[in-house]
Amino acid sequence: MVVATIVGITLCFFFSFIILLLVAAFADGASGPVTKKSVLNLRLEGVVNDRSTDNRLASIGLEDYSIGLDDVLLAIKAAKTDDMIQGIFLEPGAVSCGSASLSEIRDALADFRKSGKFVYAYSGAYTQGLYYLSSVADSVFLNPVGTVDWRGMAYQGIFYKRVLEKVGVEMQVVKVGTYKSFTEQYTNEKMSDANREQASALVNDFWKVVSDSVASSRKLSPSLLKAAADSMLSFQPADSVLALKMVDKLAYRDEVLNSIRLRMGLDKGKKIPAVSPQDYVAGLVPVEEGGEVAVLYAVGEIDNGTIDGINSDKVVKQIQNLADDDKVKAVVFRVNSPGGSAYGSEQIWHALQLLKKKKKLVVSMGDYAASGGYYISCCADAIVANPTTMTGSIGVFGVIPNVGPLADKIGVDYDVVKTSESADFLSGLESMTPVQQRRMQQYVGTCYSLFKKRCAEGRAMKEEEIENIAQGRVWSGVRAAQIGLVDQLGTLDDAVELAAKIAGLESYYTVDYPSKKSFFEELVDKTPSFGVRMFAPKQFERERKAIEQALKLERLQAAMPMTIRVE
């Protein structure tokens with residue numbers, strides 16, 4: 001009876017799972033065009049990705065809900081000239097969004113306001129990043145018992161040297177670049193002086209962008225905002241935030257809705273017609289007039305085995321297809337990558353060089369375009385970055401784990417026969433010999449020289465000039481524009497306009513590549529991660545990713561060492 005019960009429960013769970021999948025598969029949330037005066041309801045929750053994905057798996061709890069930056073930006077842009085959309089109601093919630101992505105949404109909202117339509121923002125708990133975004137609104141509402149988290153920015157590194165020593169794992173590192181600090185997490189117990197220098201510059205650059213933007217929108221002095229950050233504002237009552245004029249009014253959500261009704265000329269209590277960015281975009285009819293500007297997305301780590309990362313083989317094939325497509329007149333390469341495989345980066349670079357012989361190429365940088373992400377960007381005709389993009393990090397490193405001490409601790413012995421001295425070099429069971437260390441360092445140095453050469457050719461600079469700004473150092477978009485690593489600051493839209501201009505197009509339309517995955521393609525891709533998602537504690541997600549990354553690293557990496565966000 002026990003066995004029968006277990007089998008019954010298992011079958012019930014299995015068939016319930018299948019039913020949920022079928023419900024999700026045949027659900028269709030798309031709506032038609034807006035037919036009456038409405039507001040665009042921009043609720044920011046979940047994860048903001050560069051591109052929208054099918055959220056039907058999220059609707060049944062099999063993955064996190066996500067929002068596509070592409071949908072949000074397109075909806076705001078279209079709503080600006082749509083007579084049916086009278087304004088935007090911005091409701092920031094529990095959302096994970098990169099700094100450059102927040103900045104792009106903020107710029108789009110600022111442009112929307114030029115139409116004379118309203119933007120109202122409301123929340124009970126503004127994170128720092130979401131307050132930065134919301135501060136551009138006509139009116140910023142805060143719940144009477146709500147909070148604004150405004151505390152400045154910091155970078156905190158985590159180091160695994162001591163725990164690796166305790167378990168008996170030696171991380172053998174070879175690198176080029178004084179500032180190439182990715183490997184410090186394995187070899188140090190704190191930041192090196194060079195890493196501290198670049199991290200300090202980055203957080204100060206980012207904070208200046210955020211603070212100055214808020215000061216301008218809210219007509220406040222930077223010194224007041226600095227004092228507010230020092231006062232631990234998130235622990236201050238809402239009245240204090242209002243007194244600082246960081247918000248316009250304390251109100252409950254129903255009171256905010258009444259303000260919107262008044263602005264729209266609706267009777268009190270009448271339902272406000274509202275549409276989400278996803279539904280609004282689904283109802284838009286694409287207009288294809290003029291020449292095609294292809295927007296090719298490259299998002300994630302390069303060839304490091306993640307499902308949603310950059311597969312260099314697939315990207316190269318897509319680049320070749322665009323180069324051969326006569327409809328495509330120019331290409332915008334949207335890069336949002338902290339780097340990865342040096343080999344994969346070189347293959348993408350080569351394919352882009354061939355594409356440039358036929359089409360104009362402009363790179364648009366997202367939250368990251370660093371190390372390998374910069375490698376695949378540097379050959380463009382022009383590079384457009386966001387002020388809070390993290391870029392540069394021109395350097396190379398290699399990490400070879402040695403688990404020999406761990407094997408000895410747990411009683412595992414090994415032996416070997418070989419035909420030459422270094423036949424077992426990458427076995428991971430012994431330390432490198434001085435000769436092997438020297439050869440590896442030479443190899444890394446050769447790859448670094450090639451990286452610098454690619455950058456010098458792409459940016460029309462001397463290698464000596466590149467060396468002065470390389471050494472693995474990460475730069476903000478603002479600094480990158482000053483030192484010549486990027487051509488101008490701006491958004492994806494700015495990059496598209498620039499590509500059309502240098503291609504000589506009087507009119508144009510855009511097409512995104514690669515095509516988005518269907519529901520069943522998403523399901524097949526995500527199936528292996530369901531088990532991990534169910535049983536891996538979320539509080540250890542950062543550590544788990546770091547360990548996974550160490551184990552899957554290819555021989556040579558061009559990867560960025562840090563993450564800095566506004567939140």
Query raised in the report: For Ile348 and Phe333, what are the C-alpha separation, side-chain angles and deciding distance, and is it a side-chain contact (heavy atoms from CB on, under 4.5 Å)?
Result: CA-CA 11 Å; Ile348 295 173; Phe333 193 33; 4.2 Å; yes
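- Counted within 6.0 Å of NZ on Lys360, heavy atoms from surrounding residues, nucleotides or ligands total 12 or fewer; the atom is thus considered open.
- The side chain to side chain donor-acceptor pair (under 3.5 Å) test applied to Ser101 returns Asp367, not counting sequence neighbours.
- Taking the side chain as every heavy atom from C-beta outward, Val209 and Asp205 never approach each other to under 4.5 Å.
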Query raised in the report: Arg459 and Asp487: salt bridge (charged side-chain N to carboxylate O under 4.0 Å, His left out), yes or no, with the steps?
Result: CA-CA 9 Å; Arg459 301 306 301 161; Asp487 295 289; 3.0 Å; yes
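- Rounding to the nearest 0.5 Å gives a distance of 8.0 Å between CG of Leu74 and OG1 of Thr510.
- Taking the side chain to side chain contact (heavy atoms under 4.5 Å, CB included) definition, one finds that Gln318 meets it with Leu296, Asn321, Leu322, Tyr513, Pro514, sequence neighbours left out.
- Note: Ser217 OG to Leu109 CG = 10.5 Å, rounded to the nearest 0.5 Å.
- When all heavy atoms are compared, the tightest approach of Val362 to Ala495 is CG1-O, 3.8 Å.
- Between Ser476 and Pro387 the shortest heavy-atom distance is CB-O, 4.0 Å.
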Report task. Under the side-chain contact (heavy atoms from CB on, under 4.5 Å) rule, what do Asp303 and Gln347 come out as? Steps first, then yes or no, please. Result -> CA-CA 11 Å; Asp303 286 343; Gln347 308 317 302; over 6 Å; no
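- Residues forming a side chain to side chain donor-acceptor pair (under 3.5 Å) with Thr178 (at least two apart in sequence, or on another chain): Gln471.
- Applying the side chain to side chain donor-acceptor pair (under 3.5 Å) test to Asp494 and every residue at least two apart in sequence or in another chain returns Thr491.
- A search for side chain to side chain donor-acceptor pair (under 3.5 Å) contacts involving Asp381 returns nothing, not counting sequence neighbours.
- Residues satisfying the side chain to side chain contact (heavy atoms under 4.5 Å, CB included) test with Val176, not counting sequence neighbours, are Gln441, Val444, Tyr448.
- For the pair Ala100 and Gly366, the tightest heavy-atom approach, listed with the atom from each and the gap, is CB-O, 3.5 Å.
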Requested in this report: Could you please spell out the steps behind the side-chain contact (heavy atoms from CB on, under 4.5 Å) verdict for Val511 and Lys327?
Outcome: CA-CA 11 Å; Val511 178; Lys327 296 194 306 293; over 6 Å; no
Expected list for residues 451-458: side-chain donor-acceptor pairs under 3.5 angstrom, two or more places apart:
unit_1 : atom_1 : unit_2 : atom_2 : d
Lys452 : NZ     : Glu467 : OE1    : 2.9
Arg454 : NE     : Glu346 : OE1    : 3.3
Arg454 : NH2    : Glu346 : OE2    : 2.7

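- Heavy atoms from other residues, nucleotides or ligands lying under 6.0 Å from NZ of Lys356 number more than 12.
- Nearest heavy-atom pair across Ser134 and Pro92 is OG-CG, 3.6 Å.
- For residues 461-510, there are no ring-ring contact (aromatic ring centres under 6.0 Å, His included) pairs, not counting sequence neighbours.
- Of the inter-residue distances, the one linking Thr388 atom OG1 with Tyr132 atom OH reads 5.5 Å to the nearest 0.5 angstrom.
- Going from atom CG of Leu69 over to atom CG of Asn49 covers 9.5 Å, rounded to the nearest 0.5 Å.
- Scanning for ring-ring contact (aromatic ring centres under 6.0 Å, His included) contacts around Tyr131 gives Trp150, with sequence neighbours left out.
- Tyr297 has its side chain within reach of Asp70: a pair of non-hydrogen atoms, C-beta onward, lies under 4.5 Å apart.
- Between Val478 and Lys208 the shortest side-chain heavy-atom distance does not fall below 4.5 Å.
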Report task. For the pair Asn41 and Ser276, evaluate side-chain contact (heavy atoms from CB on, under 4.5 Å) and give the outcome as yes or no after the intermediate values. Result -> CA-CA 5 Å; Asn41 190 194; Ser276 71; 5.8 Å; no
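- For the atom pair OG of Ser103 and CZ of Phe206, the computed distance is 10.0 Å after rounding to the nearest 0.5 Å.
- The stretch residues 91-110 participates, sequence neighbours left out, in these salt bridge (charged side-chain N to carboxylate O under 4.0 Å, His left out) pairs: Arg43-Glu91, Glu91-Arg253, Glu104-Arg334.
- The residue from Ile88, Leu133, Ile67 that alone fulfils the side chain to side chain contact (heavy atoms under 4.5 Å, CB included) condition with Leu42 is Ile88.
- At a threshold of 4.5 Å between non-hydrogen side-chain atoms, the residues Ile394 and Leu485 count as touching.
- With sequence neighbours left out, the side chain to side chain contact (heavy atoms under 4.5 Å, CB included) criterion links Ala108 to Leu73, Ile76.
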Would you give me the side-chain donor-acceptor pairs under 3.5 Å for residues 110-118, sequence neighbours excluded?
unit_1 : atom_1 : unit_2 : atom_2 : d
Asp111 : OD1    : Lys80  : NZ     : 3.2
Asp111 : OD2    : Lys80  : NZ     : 3.2
Arg113 : NE     : Asp138 : OD1    : 3.2
Arg113 : NH1    : Val136 : O      : 2.8
Arg113 : NH2    : Asp138 : OD1    : 3.2
Ser115 : OG     : Phe112 : O      : 2.6
Ser115 : OG     : Lys117 : N      : 3.3
Lys117 : NZ     : Ala79  : O      : 2.7
Lys117 : NZ     : Lys80  : O      : 3.3
Lys117 : NZ     : Asp82  : O      : 2.6
Lys117 : NZ     : Ile85  : O      : 2.8

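- In this structure, OH in Tyr374 is found 4.0 Å from CD1 in Ile383, a value given to the nearest 0.5 Å.
- Considering every non-hydrogen atom in both Val299 and Ile310, the closest pair reads O-CG1, 3.4 Å.
- Contact between Ala294 and Val328 at its shortest, heavy atoms only, is CB-CG1, 3.9 Å.
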